[in-house]
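Worksheet: one structure, shown below.
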Amino acid sequence: MSLTLYNTLTREITPFTPIESGKVGIYLCGATVQAPPHIGHIRSGINFDILRRWLIASGYCVTFIRNVTDIDDKILHNAIHEEMPWWALAQKYERVFTAAYAELNVLPPTYEPRATGHITQMVELIARLIERGKAYAVANGDVYLDVRALDEYLTLSGQKIDDLQSSPDTDELSLSLKKNPQDFALWKSAKPGEPSWPTPWGNGRPGWHIECSAMAQAYLGEKFDIHAGGLDLIFPHHENEIAQSNGAGYPFAQRWLHNAWVTTAGEKMSKSLGNTLRIHELLKRVRGIELRWYLGSAHYRSMLEYSPEALDESAVNFRRIESFLKRAAAQLGKVPERAIADDFAKAMDDDLAVPAALAVISELVRDGNNAATAKDNALLDRKASEVRGALAVLGCDPWDTTWSSNEAGLSDVLSGLVKTLLDEREAARARKDFASADRIRDSITSLGLTIEDTPEGPRWSK
RNA sequence: GGUGGGAUGGCCGAGAGGCGAGGCUCAGGACUGCAAAUCCUGCUACACGGGUUCAAAUCCCGUUCCCACCUCCA
């Protein structure tokens with residue numbers, strides 16, 4: 001039993017073997033902090049958070065790098081639009097991303113490097129590319145990668161240079177300076193009013209792709225295990241990262257993983273389409289743990305077709321599982337431990353087959369509920385532990401402090417009040433005054449609590 | 001034009017030659033003062049047309065439709 005994973009480079013699922021036994025280095029392309037995140041961005045974070053948690057659960061020591069790109073064309077553009085310095089805009093949205101990740105229990109990366117903090121590494125990398133004849137500086141101070149000087153190009157997307165649509169680049173000047181129309185900018189010369197850093201080729205700022213090549217190398221080395229990101233980064237971003245790093249003589253990532261999108265009405269969620277769904281909007285509809293459950297429930301390489309109904313349905317499914325765990329904890333008199341069921345491990349090892357893993361969880365819950373009814377506490381404990389262990393891998397353990405912290409202060413007072421009411425209702429039921437009993441129950445349920453009568457007495461939950 | 005991914009029951013969502021994944025909804029039953037929760041039973045689907053095969057949702061050929069990327073993108 002061992003982990004197999006897809007690799008976009010080969011389009012095959014193959015056994016995962018780390019470069020260094022027991023350790024895994026992962027680089028995930030994080031946010032370009034130019035606007036608030038939508039659920040598609042966060043889905044990517046969740047998909048690869050599940051990968052990370054599963055690797056940890058499997059005994060690996062994981063170094064997880066997720067970058068922040070805090071300088072690019074869009075950031076400069078939006079900063080003008082929002083009438084603030086570009087660095088203020090970048091920081092503002094970085095905080096929004098960080099908060100969204102935290103609300104959905106995405107583990108903070110081992111390190112979160114910012115592009116602007118790694119100009120030195122970028123300049124070194126560009127210099128090396130020029131030395132090796134893979135890149136060239138032009139008269140105005142731009143530096144381009146010469147894609148036809150590479151041994152290989154477009155290995156990830158499977159395209160041919162000549163098949164690419166000619167660039168819609170309207171900048172006639174840069175077009176005339178480039179050796180090939182497909183050459184892309186490693187470094188952009190300074191323009192009036194834009195930020196710039198000094199280099200041997202003059203003042204300027206980074207091109208879009210160079211930061212990831214530089215930062216991945218800085219923290220994970222010249223060769224590392226996994227590079228991940230969204231499907232739409234395959235070309236040009238990841239293709240160009242490979243070009244830059246291989247061109248400089250570095251092996252770079254051994255395996256590439258790409259997550260699919262969240263779609264609405266069959267279309268990709270996109271800032272430019274304006275069909276985005278914000279986290280804080282959805283959190284008015286369901287709890288964070290339920291939104292996380294939903295976003296993590298489809299296979300990472302499958303599109304997830306969003307609808308409010310699908311979200312609600314998924315939340316109902318989660319509550320059944322959560323309700324089982326609460327029932328088990330009450331009956332056992334303790335919170336179950338975390339354990340990994342064999343079938344769950346088998347599903348996760350199969351290229352993170354989360355949907356199959358969810359089927360396993362459903363069976364565990366059914367078995368566990370039967371054990372609870374049969375008062376078989378040993379079996380109940382085992383099933384509950386396996387359910388909790390599975391939820392923990394998916395980042396949805398109800399006892400994870402991420403979810404409980406905001407309820408902590410009120411819980412004692414609240415449960416005391418509810419218990420008082422339930423005691424009155426029990427007294428009414430005992431004297432067969434069902435009208436009063438039902439009135440009390442209605443008053444409690446109208447506040448959004450659920451009352452369940454069990455042989456051991458009433459139980460309530462939110 | 002080039003490259004890639006899709007179409008599965010009322011809905012969501014797996015599977016990739018042979019035992020109805022799973023969930024949600026719905027119907028019936030057990031339990032219950034009534035509910036709720038739980039459990040049991042039921043609802044036999046794979047875009048279309050051909051073909052290969054003892055056997056096809058799965059492989060092959062053709063067709064229709066959808067989506068994405070081709071230098072802004074998770």
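Proteins get letters first, then strands, A, B, ... in listed order; numbering begins at 1 in each.
Using N1 to N3 plus N6-O4 or O6-N4 for Watson-Crick, or N1-O2 and O6-N3 for G-U wobble, each under 3.5 Å, B:U58 pairs with nothing.
A:Glu309 comes within contact range of no nucleotide atom at all, as no heavy-atom separation falls under 4.0 Å.
Under a 3.5 Å cut-off, the side chain of A:Lys134 and the backbone N or O of A:Ala149 do form a donor-acceptor pair. Checking side-chain atoms of A:Gln34 against main-chain N and O of A:Ala90 turns up no donor-acceptor pair under 3.5 Å. A donor-acceptor pair is defined here as one N or O able to donate and one able to accept, closer than 3.5 Å; such a pair exists between the side chain of A:Arg43 and the backbone of A:Trp261.
Protein atom CZ of A:Arg301 is 13 Å distant from nucleotide atom C1' of B:G15, rounded to whole Å. The separation between A:Leu304 atom CG and B:C67 atom C1' is 15 Å, rounded to whole Å.
Side-chain atoms of A:Ala359 lie closest to B:A21 of the nucleotides B:C34, B:A21, B:C40. Checking B:G33, B:A68, B:C39 against the side-chain heavy atoms of A:Asn370 singles out B:C39 as nearest. With B:G33, B:U71, B:U3 as the choices, the nucleotide that has an atom nearest any side-chain atom of A:Gln159 turns out to be B:U3.
Residue A:Lys74 places a side-chain atom within donor-acceptor reach of the base of B:C72, judged by atom type and a 3.5 Å distance cut-off alone. For B:C31, the base has no donor-acceptor partner in the side chain of A:Asp453 [N/O atoms by modelled type, under 3.5 angstrom].
Taking the six-membered ring where tryptophan is involved, the planes of A:Tyr144 and A:Tyr136 are tilted, since the angle between them lies from 30° to 60°.
Comparing the same atom, P, in B:A14 and in B:A21 gives a spacing of 14 Å after rounding to whole Å.
For A:Asn259, no side-chain nitrogen or oxygen approaches OP1 or OP2 of B:A74 to under 4.0 Å.
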